[in-house]
Amino acid sequence: MSDVVTRFAPSPTGHLHVGGARTALFNWALARQLGGRFLLRIEDTDQARSSADAVTGILADLAWLGIDWDEGPSFTTEDGRRLGGDPRDVGPFFQSERRDLYDAALARLIEADLAYPAFESGEELDALRKQAREEKRNFRYRRPADFDREAARARVEAGEPHVVRFRMPEAGVEVEDAILGPVAFGEDQVDDFVVRKRDGFPTYHLAVVVDDEAMGVTHVLRGQEHLNNTPRHKALQQALGFRVPIYAHLPVIFNADGSKMSKRDKDKAARVAVKEAMAVDEAAARAQLAPAVDAATLERWLGDKKSQLASETLAALASKLGGELPGIDVEDFRRGGYLPGVLVNFLALLGWSPGEKEADGRDLERFDAAYLAAHFDLPRIGKGNARFDRAKLLAFNQESLAELSPRSFQEEHASWLARYAPELAKQLPEDRSALFASAMQPRSRTLAEPTAADGPGAFALVEDHEIDLDEKAVAKFLRKGEPSGAALLAEFRDTLATLEPFAPEALEAAAGAFAEARGIGMGKIAQPLRVAVTGKAASPALGDTLAILGRDAVLARIDRCLAEIGTAAPTG
RNA sequence: GCUCCCUUCGUCUAGUGGCCUAGGACGCGGCCCUCUCAAGGCUGAAACACGGGUUCGACUCCCGUAGGGAGCGCCA
């Protein structure tokens with residue numbers, strides 16, 4: 001194993017976002033490619049926003065994607081693999097448990113007069129920032145020339161609230177970025193930033209630098225929003241005598257419309273959906289949503305555009321309204337029926353490309369995690385920001401689903417169903433679920449589609465009497481023609497009543513023979529039948545559609561349909 | 001406002017001075033297949049932000065302009 005160590009260091013404030021997932025993926029891939037280690041560290045120095053549930057969620061999201069960490073919090077995957085651990089004894093991996101390390105670094109800095117206490121209040125600083133802006137310059141805090149070390153120490157000892165600031169070198173800092181090249185920051189750009197908060201916790205800057213050193217991190221791949229932090233980190237590393245890791249700043253991922261991808265997008269979409277539903281019928285909408293969220297919370301959320309609801313609550317609201325939320329978190333895509341390998345593939349392409357051609361001259365762009373682990377490199381990471389194109393992701397997922405063996409598709413679908421729609425899983429009789437799966441496979445872009453209310457498999461998941469006959473389809477295929485579709489249907493019913501076996505090939509052959517005997521096209525009998533048993537003019541192949549339903553349901557639906565459209569079923 | 005970063009089809013990208021009549025993928029259009037919907041096959045439209053240099057030659061190098069993004073927190 002090489003000395004290379006990369007890391008992913010999320011703060012546990014919610015589910016893993018796709019942007020974070022890509023950062024994790026690239027760090028993972030680089031470690032694998034270089035034969036090093038990939039470690040996970042939880043940055044929970046913001047006590048107010050961190051939660052244990054979020055930690056578990058993030059670990060599960062990473063594990064599902066197949067991004068396994070060599071060191072970090074222990075976790076057992078669904079298939080029983082153990083991740084994490086501390087073979088080099090560099091833990092713990094929660095920053096909240098590493099405070100003595102930060103305190104020691106802080107003490108060294110203060111001792112060397114490289115850090116000092118500052119007593120300004122938030123309001124005072126705000127005023128200074130405002131003033132700087134009015135004077136069209138960048139606000140930067142610098143230690144006053146008349147700073148009195150002894151006096152400051154006395155105030156600290158007297159218990160006066162304060163932060164500790166790092167004395168940024170007066171000279172500018174140039175950082176070397178593996179993707180962007182050298183980036184120079186002028187001396188008027190960097191200031192004496194806070195390294196210890198009023199509550200005694202270190203800031204991100206201090207913690208990250210101390211931890212990366214202690215954990216032997218050699219490469220840091222992170223979002224480009226951190227580029228401006230790099231001079232601070234480098235200065236801190238130099239002040240503490242630490243090594244400077246290789247930095248690489250990744251382009252940012254945006255929504256298709258160019259806005260920044262954020263968790264708020266989900267609240268935004270849900271708020272629109274809720275308001276629309278209320279505009280139609282407010283009382284009904286409220287009643288519908290009541291089980292998902294209590295009235296007071298709903299009111300508050302609706303009133304404050306900046307407020308956010310928990311991911312789960314949002315998902316519940318959307319499902320009550322039959323809508324869909326934009327996928328932002330890894331979990332959203334899992335629930336949405338995406339394959340983890342597809343998400344990994346797609347995310348990898350957002351900012352990196354293999355630069356290889358397939359044998360037929362097309363660019364290589366479909367690859368798995370193993371390929372990434374073998375070929376990933378820093379120089380091929382792009383510099384420009386990328387937009388998250390859901391349509392392309394969907395197309396990738398559909399393609400991957402189609403490539404699965406029928407059996408694998410069935411298994412994937414079953415496990416998705418067990419996790420996200422267990423009540424629907426019961427409606428598919430064991431002996432027909434394979435048939436259902438194979439009919440759904442080429443018609444599904446996600447694992448969620450087969451059983452979606454308006455999906456290609458919906459006809460098989462409702463009771464016979466719940467079929468809504470589409471009026472247009474009925475008019476076109478049942479009422480029209482001479483003889484009418486209904487008449488042909490009534491005639492063909494008898495064949496169906498006794499046909500053996502009641503299986504796709506036999507059913508199609510019977511329909512074909514029926515049509516041929518009457519000198520009509522296959523469609524003349526197929527469409528009336530299809531409308532009668534599914535209510536719609538479109539469904540899987542006729543034989544599959546009928547076989548999935550089974551003889552009893554088919555006959556019941558035909559009878560009900562004929563009765564409903566007022567055509568007596570002549571026998572014989 | 002200040003500082004930093006970025007800029008090839010609508011989107012993701014290939015392209016490292018002549019291989020470019022700028023390639024691929026998604027999306028979009030057309031045709032074929034067909035009992036419907038899908039799937040599949042074939043096919044079409046679609047880009048080097050702009051202006052100056054450098055060079056025999058610029059998508060590729062340099063400068064400027066425009067546009068986009070990020071940061072300017074006792075958040076990470």
Side-chain angles (χ1 to χ4, degrees), chain A residues 9-11 13 43-46 48-49 118 120-122 125-126 129 132-140 161-165 177 180 183-186 188-191 193-199 201 203-205 207-208 222-229 231 249 251-252 254 256 258 260 346 349-358 360-366 379 382-396 398 402 439-445 456 473 477 508 511-512 515 521-527 529-531 534 536-543 545:
Chain A
S11 49
T13 56
E43 308 216 327
D44 56 350
T45 52
D46 186 348
R49 298 202 304 155
E120 290 81 3
S121 68
L125 291 170
D126 284 346
R129 287 196 185 96
R133 213 188 156 90
E134 276 162 9
E135 289 167 15
K136 299 185 188 230
R137 56 185 175 79
N138 211 9
F139 172 71
R140 37 190 281 280
H162 65 284
V163 299
V164 175
R165 286 179 181 269
D177 185 278
L180 269 11
V183 181
F185 294 86
D188 59 333
Q189 257 224 71
V190 286
D191 70 349
F193 55 97
V194 174
V195 284
R196 198 185 94 136
K197 303 182 238 183
R198 194 168 292 239
D199 64 6
F201 272 83
T203 58
Y204 159 74
H205 305 297
V208 83
R222 45 155 53 157
Q224 232 170 64
E225 63 269 23
H226 285 293
L227 182 60
N228 293 295
N229 286 331
H249 290 91
V252 186
F254 292 96
K260 189 174 181 183
F346 183 73
L349 250 15
L350 248 35
W352 184 80
S353 75
E356 272 191 68
K357 299 278 184 198
E358 306 256 32
D360 60 7
R362 306 188 319 168
D363 288 3
L364 173 69
E365 63 172 13
R366 298 306 312 273
K383 299 179 181 183
N385 296 334
R387 294 181 188 215
F388 193 90
D389 183 359
R390 289 158 203 283
K392 185 159 180 167
L393 172 63
L394 200 53
F396 273 21
Q398 177 174 37
M440 291 303 114
Q441 191 169 4
R443 293 171 177 78
S444 302
R445 295 178 300 176
F477 298 114
E508 301 219 352
M522 175 81 161
K524 288 278 187 273
I525 183 60
Q527 285 306 85
L529 235 187
R530 172 169 281 121
V531 173
T534 69
K536 297 185 178 66
S539 86
L542 187 66
T545 299

*Asks:* Going by distance alone, is a donor N or O of one side chain under 3.5 Å from an acceptor N or O of the other, for R49(A) and T13(A)?
*Replies:*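 No, T13(A) and R49(A) have no side-chain donor paired with an acceptor closer than 3.5 Å.
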*Asks:* Where along nucleotides 65-76 of chain B does protein come under 4.0 Å, by heavy atom, of base (B) or sugar-phosphate alone (S), with - for untouched nucleotides?
*Replies:* ----SBSBSBBB
*Asks:* Would you give the length of the straight line joining atom CZ of R165(A) to atom CD of E120(A), rounded to the nearest 0.5 angstrom?
*Replies:*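 That separation rounds to 6.5 Å.
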*Asks:* Does U7(B) have a Watson-Crick or wobble mate here (both distances under 3.5 Å), and if so which one?
*Replies:*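 Its partner is A66(B) (Watson-Crick or G-U wobble, both distances under 3.5 Å).
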*Asks:* Taking the same atom, P, in C26(B) and in A39(B), what whole-Å distance lies between them?
*Replies:*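 Nearest-Å result for C26(B) against A39(B) at atom P: 12 Å.
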*Asks:* So, N229(A) side chain and H205(A) main chain: donor-acceptor pair closer than 3.5 Å or not?
*Replies:*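 Pair absent, no side-chain N/O of N229(A) close to backbone of H205(A).
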*Asks:* Rounded to whole angstroms, how far apart are CZ on R390(A) and P on C12(B)?
*Replies:*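 Rounded to the whole Å, the gap is 14 Å.
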*Asks:* Under 4.0 angstrom, heavy atoms only, what part of the nucleic acid is S539(A) near: base, sugar-phosphate, or nothing?
*Replies:*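 S539(A): base contact, heavy atoms under 4.0 Å.
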*Asks:* Taking only the P atom of each, what is the distance from C2(B) to A25(B) in whole angstrom?
*Replies:*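 Here C2(B) and A25(B) have their P atoms 45 Å from each other.
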*Asks:* Taking only the P atom of each, what is the distance from G23(B) to C59(B) in whole angstrom?
*Replies:*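 So the two P atoms sit 14 Å from each other.
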*Asks:* Taking only residues two or more places apart in sequence, or in another chain, which ones meet F477(A) in a ring pair (Phe, Tyr, Trp, His ring centres under 6.0 Å)?
*Replies:*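 Here no residue qualifies.
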*Asks:* Using whole Å, what does the distance between atom C1' of nucleotide G40(B) and atom CZ of R443(A) come to?
*Replies:*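 After rounding, the gap between these two atoms is 12 Å.
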*Asks:* Measure across R198(A) and P161(A) and return the closest heavy-atom pair with its distance rounded to 0.1 Å.
*Replies:*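 Here R198(A) and P161(A) meet closest at NH1-CB, 3.2 Å.
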*Asks:* What string of B, S and - do you get for nucleotides 21-35 of chain B, 5' to 3', when a contact is any protein heavy atom under 4.0 Å?
*Replies:* --BBBBS-------B
*Asks:* Do the side chains of D199(A) and K197(A) get close enough for a salt bridge, i.e. N-O under 4.0 angstrom?
*Replies:*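 K197(A) and D199(A): not salt-bridged.
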*Asks:* Considering non-hydrogen atoms only, spot the tightest contact between V208(A) and E43(A) and give its length.
*Replies:*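 Here V208(A) and E43(A) meet closest at CG2-OE2, 3.8 Å.
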*Asks:* Working to the nearest 0.5 Å, report the span between CZ of R129(A) and CZ of R140(A).
*Replies:*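 Result: 14.0 Å between the selected atoms.
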*Asks:* Using purine N1 to pyrimidine N3 plus N6-O4 or O6-N4 for Watson-Crick, or N1-O2 and O6-N3 for G-U wobble, each under 3.5 Å, what pairs with C35(B)?
*Replies:*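 Pairing partner, where one exists within any strand: none, as none qualifies.
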*Asks:* For A22(B), give the paired nucleotide (Watson-Crick: N1-N3 plus N6-O4 or O6-N4; G-U: N1-O2 and O6-N3; both under 3.5 Å), or none.
*Replies:*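 Because no pair has both required distances under 3.5 Å, A22(B) counts as unpaired.
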*Asks:* Does atom CZ (R445(A)) have a neighbourhood of more than 12 heavy atoms from anything else shown, all under 6.0 Å?
*Replies:*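 Atom CZ in R445(A) is not packed in, count stays at 12 or less.
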*Asks:* Could you tell me which nucleotide pairs with C72(B) by Watson-Crick or G-U wobble geometry, both distances under 3.5 Å, or answer none if nothing does?
*Replies:*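 Matched C72(B) with G1(B) under the 3.5 Å cut-off.
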*Asks:* Provide, to the nearest angstrom, the distance between the NZ atom belonging to K383(A) and the C1' atom belonging to U8(B).
*Replies:*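 Atom-to-atom, K383(A) to U8(B), this comes out as 15 Å.
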